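Accompanying notes for the structure given below.
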Amino acid sequence: MLLNDGKLSVQGRNYLVREARIEDLEQVIALMEQDEIRRAEHSGAAGGPEHYLEAFGEIDADPAHALIVLEGEGGKIVGTMQLTTLPSLARRAAKRMQIEAVRVASESRRSGLGTQMIRWAICDAEHKGHFTHPADKRCAASGRAPLLPEVGIHPVACGLQNAPCYTPVTS
């Protein structure tokens with residue numbers, strides 16, 4: 001799904017942006033477990049490592065999906081997100097890229113890394129001619145909403161229960 005590996009530099013640190021490999025899976029799971037909101041979901045969820053392997057295999061095999069990692073010094077995975085390309089009838093049947101499951105290692109939070117990850121994903125989508133659609137409706141509850149307006153994504157009311165979600169702002 002990626003055109004090629006990318007690079008990010010945040011606060012003087014360099015990161016490689018690339019698709020995840022099977023050997024990254026343990027570090028990606030660890031990032032999910034650091035997330036306060038998701039921790040409860042993972043701790044009570046049925047299944048073990050084989051479920052993650054199966055899901056990774058499905059994501060990896062489908063060109064519409066990409067599990068992205070940010071690799072820091074020494075090969076440490078400090079960020080991850082999943083990008084999904086979806087067909088759409090909107091915008092003259094344009095493809096849209098959904099950005100979800102954005103995670104940043106606890107020691108790297110509040111550094112601007114999450115913002116740069118989302119900017120990178122939006123640039124990647126635009127380069128491919130896709131528009132973006134960040135899908136995680138629980139960002140506002142987790143305190144992550146402040147980074148989104150910086151990348152052109154603002155909260156709007158949507159959904160049957162008027163849940164907070166995010167949509168790109170177009171000028």
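It should be emphasised that the depicted structure is a prediction, and the values quoted were computed from it without experimental measurement.
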How about Tyr15 and Arg13: do any of their side-chain heavy atoms sit closer than 4.5 Å?
yes
If you take all heavy atoms of Leu83 and Ala121, which pair is closest and at what distance?
CD2-CB, 3.8 Å
Whether the side chain of Glu71 engages the backbone of Lys76 through a donor-acceptor N/O pair (distance < 3.5 Å, no angle test) should be reported.
no
For Ala61 and Pro63, which heavy atoms make the closest approach, and how far apart are they?
O-CD, 3.5 Å
How about Thr85 and His130: do any of their side-chain heavy atoms sit closer than 4.5 Å?
yes
Has the side chain of Gln82 got a donor or acceptor atom that lies under 3.5 Å from a matching backbone atom of Ile99?
no
Crowded around Glu23 CD? As in, over 12 foreign heavy atoms under 6.0 Å?
yes
For Arg96 and Pro87, which heavy atoms make the closest approach, and how far apart are they?
NE-O, 4.3 Å
Evaluate Asn14 against Glu73 for side chain to side chain contact (heavy atoms under 4.5 Å, CB included), listing each step before the verdict.
CA-CA 8 Å; Asn14 297 315; Glu73 293 180 19; over 6 Å; no
Quick check: do Leu70 and Leu8 have side-chain heavy atoms less than 4.5 Å from each other?
yes
Tightest non-hydrogen contact, residues Ser88 and Ala94, listed as CB-O, 3.1 Å
Which value, rounded to the nearest 0.5 Å, describes the distance between Cys123 atom SG and Lys128 atom NZ?
12.0 Å
Given Val104, Val102, Leu67, the one that forms side-chain contact (heavy atoms from CB on, under 4.5 Å) with Thr80
Leu67
Shortest non-hydrogen contact between Gly75 and Gln27, atoms and distance:
O-NE2, 3.8 Å
Does Ile22, at its CD1 atom, have more than 12 non-hydrogen atoms belonging to other residues, nucleotides or ligands within less than 6.0 Å?
yes
Is there side-chain contact between Met32 and Arg103, with at least one heavy-atom pair below 4.5 Å?
yes
Where do Val78 and Leu31 come nearest, in terms of heavy atoms and distance?
C-CD1, 4.1 Å
Check for a donor-acceptor pair, side chain of Asp24 on one end and backbone N or O of Arg21 on the other, with a separation under 3.5 Å.
yes
Approximate separation, where rounding is to 0.5 Å, of Glu107 CD and Leu113 CG:
10.0 Å
Would you check if Lys7 and Trp120 make a side-chain contact, meaning some heavy-atom pair closer than 4.5 Å?
no
OG-CD distance between Ser111 and Gln11, expressed to the nearest 0.5 angstrom
5.5 Å
Enter the distance from Arg18:CZ to Ile68:CD1 here, rounded to the nearest 0.5 Å.
9.5 Å
